[in-house]
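Predicted model, so just to flag it, every value in this text is computed and none were measured. These numbers come from the heavy atoms of this one structure, side chains and all, not from hydrogens, waters or symmetry mates. The chain is numbered in sequence order, starting from 1.
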Amino acid sequence: RRRTIAAAVVLVIGAYAYHPALLVNVLMAGAVLALHARRLRTNDWISLTIGAAVAGALLLPYGSAILNEPLFTYRHGLVNVFKDGVTPQAIGLAWRNYAEQWNPQWLFLSGEPNLRNHPGVALLFGWGAPFIVVGLVRALRRQTPVDALMLVWLAVGALPAGLTNDGVPHFTRGIFA
């Protein structure tokens, strides 16, 4: 139970430190839970419930700020692709931004133009591209729980960059991936 509570506290610290972390952490926790749900015993479910309650209690001030303090979410409202509602155009923009986060030009050749976020070099070394492709193919073929978790992590990790319209691709928003 201590580890579950510690994990809940880390999830909350991540949310307070970086707003998109809440989305990514909750989705990742859900993925881990889905992958291991069959093997969980009653004590495990009790620990998870206690951890969720601790996280919920610690997130109450966060939720209160979101609901009651307009300045808390002001910037989010400016850069959110859905600021004008969930429209077909906004969904298309979110998909384009998400795909741009995986652009090989940005990942392996040029890097992000905003030097505040990244030093202007490629995110990954070009010689690593074949290893990434082989790793993805192996993960898709083997389909073990660990492989599934890695694939979900890659998919979910780029969501914060895809859901914003403020300089995509974006190193710090895509850092989870």
Side-chain angles (χ1 to χ4, degrees), residues 11-35 59 62-63 65-67 69-177:
L11 182 141
V12 170
I13 290 170
Y16 278 106
Y18 184 56
H19 300 301
L22 181 60
L23 169 69
V24 172
N25 290 348
V26 168
L27 291 174
M28 288 304 300
V32 170
L33 185 61
L35 289 170
L59 284 170
Y62 186 86
I66 288 173
L67 295 174
E69 181 55 58
L71 290 177
F72 188 77
T73 57
Y74 178 74
R75 176 148 164 69
H76 172 73
L78 293 177
V79 299
N80 185 350
V81 295
F82 299 115
K83 67 182 175 189
D84 297 324
V86 180
T87 63
Q89 293 82 10
I91 292 170
L93 178 61
W95 277 112
R96 282 190 304 277
N97 289 350
Y98 182 83
E100 186 63 27
Q101 196 66 21
W102 297 108
N103 183 339
Q105 171 73 28
W106 176 69
L107 289 174
F108 298 105
L109 299 174
S110 65
E112 183 177 351
N114 185 345
L115 296 179
R116 179 181 65 126
N117 295 332
H118 197 261
V121 297
L123 211 59
L124 303 168
F125 293 115
W127 55 261
F131 296 104
I132 292 170
V133 171
V134 168
L136 289 172
V137 169
R138 285 195 68 193
L140 289 168
R141 284 190 182 157
R142 287 190 314 195
Q143 298 182 354
T144 68
V146 172
D147 293 329
L149 183 62
M150 289 291 114
L151 293 171
V152 168
W153 187 343
L154 285 172
V156 168
L159 278 178
L163 297 177
T164 58
N165 196 24
D166 181 40
V168 177
H170 199 281
F171 173 76
T172 53
R173 287 194 188 105
I175 203 163
F176 289 108

Decide whether N103 and E100 meet the rule of one side-chain donor and one side-chain acceptor closer than 3.5 Å. yes

Measure from the side-chain N and O atoms of Y16 to the backbone N and O of Y62, and report whether any donor-acceptor pair falls under 3.5 Å. yes

Measuring only between side-chain heavy atoms, which start at C-beta, is N97 closer than 4.5 Å to N165? yes

Of W106, F131, F108, which meets side-chain contact (heavy atoms from CB on, under 4.5 Å) against L124? F108

All heavy atoms of D84 vs all of T87, minimum pair found to be O-CG2, 4.2 Å

Closest approach of F72 and A65, non-hydrogen atoms and distance? CB-O, 3.8 Å

Starting at CG of L107, measure out to CH2 of W102 and round the result to the nearest 0.5 Å. 7.0 Å

Value for OG1 (T73) from CG (L67), rounded to nearest 0.5 Å, stands at 9.0 Å

Where A15 and L22 come nearest, the two heavy atoms and their spacing: CB-CB, 3.7 Å

Considering all heavy atoms, the nearest L35-P145 contact: CD1-O, 3.5 Å

For the student: nearest non-hydrogen atoms of A90 and G85, plus distance: CB-O, 3.7 Å

Taking it one step at a time, do V168 and Q101 satisfy side chain to side chain contact (heavy atoms under 4.5 Å, CB included)? CA-CA 7 Å; V168 177; Q101 196 66 21; 4.3 Å; yes

Take a 6.0 Å sphere around CZ of R141 and say whether it holds more than 12 heavy atoms from other residues, nucleotides or ligands. no

Non-hydrogen atoms of M28 and V152 that approach each other most closely: SD-CG1, 4.1 Å

Could you please spell out the steps behind the side chain to side chain contact (heavy atoms under 4.5 Å, CB included) verdict for L149 and T144? CA-CA 9 Å; L149 183 62; T144 68; over 6 Å; no

Let me confirm one number: the CD1-CG distance from I132 to L154, rounded to the nearest 0.5 Å. 9.0 Å

Rounded distance [0.5 Å steps], CG in L59 versus CG in L11: 7.0 Å

Quick check: does any side chain N or O of N25 sit under 3.5 Å from a backbone N or O of V12, one acting as donor and the other as acceptor? no

Answer yes or no: is there a side-chain heavy-atom contact under 4.5 Å between L163 and Y98? no

